[in-house]
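Only one structure is covered here, and it is reproduced in the block below.
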Amino acid sequence: MSLNTIPSPCFVLEEEKLRRNLALIQDVSQRAEIDIILAFKGFSMWSAFPIVREYISGATASSLNEMLLCNEHMKTASHTYCVAYADQDFDQICEGSSHLTFNSLQQFERFKHKCAEQKVSVGLRINPEESDVETALYNPASPHSRLGITKDELSGGLPEGVEGLHVHVLCESTSYALEKVLKAVEEKFGHLLPKAQWLNLGGGHLMTRKGYDTDHLVQILRDFKTKHDLKIILEPGSAFAWETGFLKTTVLDVVSRNGVNTAIIDASFTCHMPDCLEMPYRPNLIEGSREVEGKKFLYRLGGVSCLAGDFLEEYGFDQELKIGDSITFLDMIHYTMVKTSTFNGVPHPSIGILTPGGTFKIVKEFGYEDFRNRLS
Ligand SMILES: Cc1ncc(COP(=O)(O)O)c(C=O)c1O
């Protein structure tokens, strides 16, 4: 398949790679005898949900909108966790959810009677204050975190009406980090486990990354489940869409300023690849390299927005870049599409799927109306 047939800019999901991840996730879920559901916040490309539904049957929503997407396109009630629920959304959220997790006891008290009326299974998000995540922006267990109830608030036991517990403290982590989290849950919240029916261990389990020890994951989950007689749920996002596609862009201009060359592309880091600025994260390219050593041509990659910092430091290339050349960013499916903005009116990349047979299908193209309709 030649990249030339794909429009630019375009997010391209490779179906074969998605299916490979889905098969691995399904296998873990069967071997560990747990439920693994998709976290929409990491991957919401609903044109691919018919494929996803061949392997798994549920999803987790973090807002009314994601809950509605789950009902419509995963064709099931969602596991819902919102950092805080708004009064005006709550009835609808209750109707479309099978499980509903609260981030504070105050919110639980406010809405518990509605959950009881709708027969939704209620959970509380707890914070075991244990995490291997080093970047503060992505660490839910950092000191004074607003995410999850700490042990001091639950010393009196599980409140009446609560059936489950929810923990999310990992990000792109290993099964060994999860093992430490499970220990911390036992130490700090062990007194709640006998009354709980389910434990949702959130996301951050990057089981589809090369080298992840899935046998160890299966073992610790089976052990924990048996020891505490609990239904276990995992809700990863990244693991589903990890290394399943790319963002194709094109060089629009090359500028040289005080000895630094910048290739300006038809996409933007702040609009379409925000993790590249937030983490900061340097994606691999098809055409060039993150390492500049030994490379003859060096270019900063510049976004097309006017944000001064919308660029990545120099990448190395074997050839001079010319206007019209492709720059293809790898592993650009998880968390990219869901986070895009139309800042500066920069056109949203098209969305397409590369089928296992090598055929490219455009799923969506964005135009002026899409930009206009989200503003007023
Ligand atoms: C509550 C919750 N569940 C699941 C996830 C998905 O995490 P990941 O995509 O790292 O697997 C997140 C990510 O922020 C989250 O906050």
Side-chain angles (χ1 to χ4, degrees), residues 18 21-22 24-25 28-29 34-45 48 52 56 58-67 69-70 74 78-85 93 97-104 107 122-142 145-149 164-175 177-178 181 185 198-209 212 214 217 221 232-245 273-275 278-279 281 331-339:
L18 177 68
N21 285 354
L22 286 163
L24 183 146
I25 289 168
V28 167
S29 121
I34 59 163
D35 286 348
I36 305 186
I37 59 179
L38 167 64
F40 278 175
K41 68 191 85 189
F43 181 63
S44 295
M45 186 177 159
V52 173
I56 60 145
T60 182
S62 33
S63 59
L64 173 60
N65 285 333
E66 286 188 349
M67 184 221 85
L69 192 71
C70 182
M74 285 296 285
S78 68
H79 289 236
T80 307
Y81 159 73
C82 296
V83 173
Y85 296 94
I93 284 191
S97 306
S98 58
H99 296 65
L100 208 149
T101 295
F102 292 98
N103 187 54
S104 77
Q107 280 248 310
V122 169
L124 295 179
R125 177 165 175 175
I126 51 171
N127 179 359
E129 298 171 273
E130 160 65 45
S131 172
D132 69 331
V133 180
E134 282 167 7
T135 308
L137 186 65
Y138 295 106
N139 181 5
S142 61
S145 169
R146 73 188 189 292
L147 306 170
I149 303 166
L165 293 169
H166 184 292
V167 183
H168 171 76
V169 283
L170 300 177
C171 179
E172 298 187 3
S173 303
T174 65
S175 58
L178 174 63
V181 172
V185 168
W198 52 266
L199 174 66
N200 181 327
L201 290 167
H205 317 285
L206 201 44
M207 60 190 87
T208 47
R209 173 157 55 191
Y212 188 101
T214 47
L217 176 69
L221 291 173
I232 305 243
I233 303 152
L234 302 188
E235 48 173 37
S238 296
F240 280 92
W242 185 256
E243 293 186 336
T244 56
M273 299 169 265
D275 287 345
E278 289 174 6
M279 256 311 262
Y281 162 69
D331 197 16
M332 275 295 154
I333 302 299
H334 58 97
Y335 286 100
T336 47
M337 273 180 265
V338 287
K339 282 185 152 186

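Atoms within each ligand, like the ligands themselves, are counted from 1 in listed order.
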* Name the orientation class of the two ring planes belonging to Y81 and H166 (parallel below 30°, tilted from 30 to 60°, perpendicular beyond 60°). => parallel
* To do: List, ordered by chain and residue number, the protein residues whose closest non-hydrogen atom lies under 4.0 Å from any atom of ligand 1.
  => A39, K41, Y81, R125, H166, H168, G203, G204, E235, P236, G237, S238, Y335
* Asked: Do E130 and V169 come close enough that some side-chain heavy atom pair is under 4.5 Å?
  -> no
* Structure fact -> In this structure, CD of E235 is separated from OG1 of T101 (nearest 0.5 Å) by 7.5 Å
* To do: Give me the ring orientation class for H79 and H99: parallel if the planes are under 30° apart, tilted from 30 to 60°, perpendicular past 60°.
  => parallel
* **pair M74-V52: side-chain heavy atoms closer than 4.5 Å** => yes
* Taking only residues two or more places apart in sequence, or in another chain, which ones meet D331 in a salt bridge (Lys or Arg N to Asp or Glu O under 4.0 Å)? -> none
